[in-house]
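Take a look at the structure set out below.
Each chain gets a letter, A, B and so on, in the order its sequence line appears, and its residues count up from 1. Only this structure's heavy atoms are used, side chains among them; waters, hydrogens and symmetry mates stay out.
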Protein chains: 2
Amino acid sequence: MPAKKVHDVCEVKSIDAKKVKRVKKEMLSDDEVGRLSETFRVLADSTRTKIIYALSGEELCVCDISNVLGMSISAVSHQLRVLRNMRLVKFRKEAKMVFYSLDDEHITTLFNEGLKHVRE
Amino acid sequence: MPAKKVHDVCEVKSIDAKKVKRVKKEMLSDDEVGRLSETFRVLADSTRTKIIYALSGEELCVCDISNVLGMSISAVSHQLRVLRNMRLVKFRKEAKMVFYSLDDEHITTLFNEGLKHVRE
DNA sequence: TGAACACTTGAGCAACTGTTCAAATATAAC
DNA sequence: GTTATATTTGAACAGTTGCTCAAGTGTTCA
């Protein structure tokens, strides 16, 4: 069997081979593309959006965030873990409570840029 | 049966009721939150990321984009529809071909802000 | 010690997303 | 008309995501 080719991919060079080559050469690296979409993906969920906005003013404990959003502690905690893994929030423990706050001003800039866009 | 309450939500006011009230009042509207996460969501996929970047230099037809990305025409076309629905790209038909180009400079700004972030 | 509290975590599940495949549409050339 | 090319579209399918529920950790206080 010959090396199977995906039929759906246009293989003709009739289009604009030079253009394709040039654009291909200037394409972002896989690493950049991956980190870029990962970055946007954390911001692309409404629960996380609300958490980030809530924390943009002041630090809050998990229970407070849960109250502000009207969501279960568990759901909030799961999302806080995502934000923690992405290093977007930091936390500090005080007795039984855990206080979260923002930990990445680049993301804040990006977030505000997005906010500006939807409010345009 | 009495009105069922979600048990998991912390209902005690022992935390910081005033803080919660204040943050709640300043919270983004549902509409803003929705549009914000929708905006970030379009950018949160690597195929769409690549398409946007490819189009940031010059207009390209579907076949060229497919060649640049090394993906099937169909997959590219599906994603172009998403970008079209979000008004992020525009297109022009020329004979059998369809040329796409960017159509939203706000998104370009947001995209570049994201790029700056991952390249920091 | 044990109960209460604040939070985290894992499993399970429904909803969503991106891709493939096959079929459809549209335009051009014969 | 038929054929070829460029693109779109719908269905199906696998993979991912975000929530709930229940059980777990760790700290405080009696």
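- With sequence neighbours left out, B/E105 forms a side chain to side chain contact (heavy atoms under 4.5 Å, CB included) with no residue at all.
- If you check distances only, the side chain of B/S74 does reach the base of D/dT9 with a donor-acceptor pair under 3.5 Å.
- Not counting sequence neighbours, the partners of A/S56 by the side chain to side chain contact (heavy atoms under 4.5 Å, CB included) test are A/Y53, A/L102.
- Note on B/S72: a side-chain N or O is less than 4.0 Å away from OP1 or OP2 of C/dT20.
- Shown here are the side-chain hydrogen bond (donor to acceptor under 3.5 Å, both in side chains) partners of B/E26, two or more places apart in sequence or in another chain: there are none.
- For B/K116, the salt bridge (charged side-chain N to carboxylate O under 4.0 Å, His left out) criterion is met by B/E113, not counting sequence neighbours.
- Taking atom CG on A/L80 and atom P on C/dT9, their separation rounds to 11 Å, with Å as the unit.
- The stretch residues 42-60 of chain A comes close to DNA chain D through A/D45, A/T47, A/R48, each having a heavy atom under 4.0 Å from the strand.
- For the segment residues 29-37 of chain A, the set of residues with a heavy atom within less than 4.0 Å of an atom of DNA chain D is empty.
- Residues passing the side chain to side chain contact (heavy atoms under 4.5 Å, CB included) test with B/V118, sequence neighbours excluded: A/R35, A/L36, A/T39, B/L115.
- Listed by first and then second residue, the ring-ring contact (aromatic ring centres under 6.0 Å, His included) pairs that reach into residues 60-95 of chain A are A/F91-A/Y100, sequence neighbours excluded.
- Toward the 5′ end of DNA chain D lies the nearest nucleotide of B/V76, the other residue of the pair B/V76 and A/Q79 mapping further downstream.
- The stretch residues 82-102 of chain A comes close to DNA chain C through A/R84, A/K96, A/M97, A/V98, A/Y100, each having a heavy atom under 4.0 Å from the strand.
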Review point. Is there a side-chain contact (heavy atoms from CB on, under 4.5 Å) between A/I73 and A/C63 once you walk through the steps?
Key: CA-CA 6 Å; A/I73 298 251; A/C63 187; 4.2 Å; yes
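- Every residue meeting the salt bridge (charged side-chain N to carboxylate O under 4.0 Å, His left out) condition with A/R92, not counting sequence neighbours, appears here in chain and number order: A/E59, A/E94.
- By the 5.5 Å and 30° criteria, B/H78 is not stacked with the base of C/dT19.
- Residue A/I73 places its side chain closer to C/dT8 than to any other of C/dT8, D/dT20, C/dG18.
- Applying the side chain to side chain contact (heavy atoms under 4.5 Å, CB included) criterion to B/K90, with sequence neighbours excluded, gives B/S101, B/D103.
- Contacts classified as salt bridge (charged side-chain N to carboxylate O under 4.0 Å, His left out) and involving residues 42-53 of chain A (residues at least two apart or in different chains) are not found.
- Residue B/D64 contributes atom CG, which lies 16 Å from atom P of D/dT5 at whole-angstrom precision.
- The side chain of A/R81 lies closest to C/dG10 when the candidates are D/dT7, C/dT19, C/dG10.
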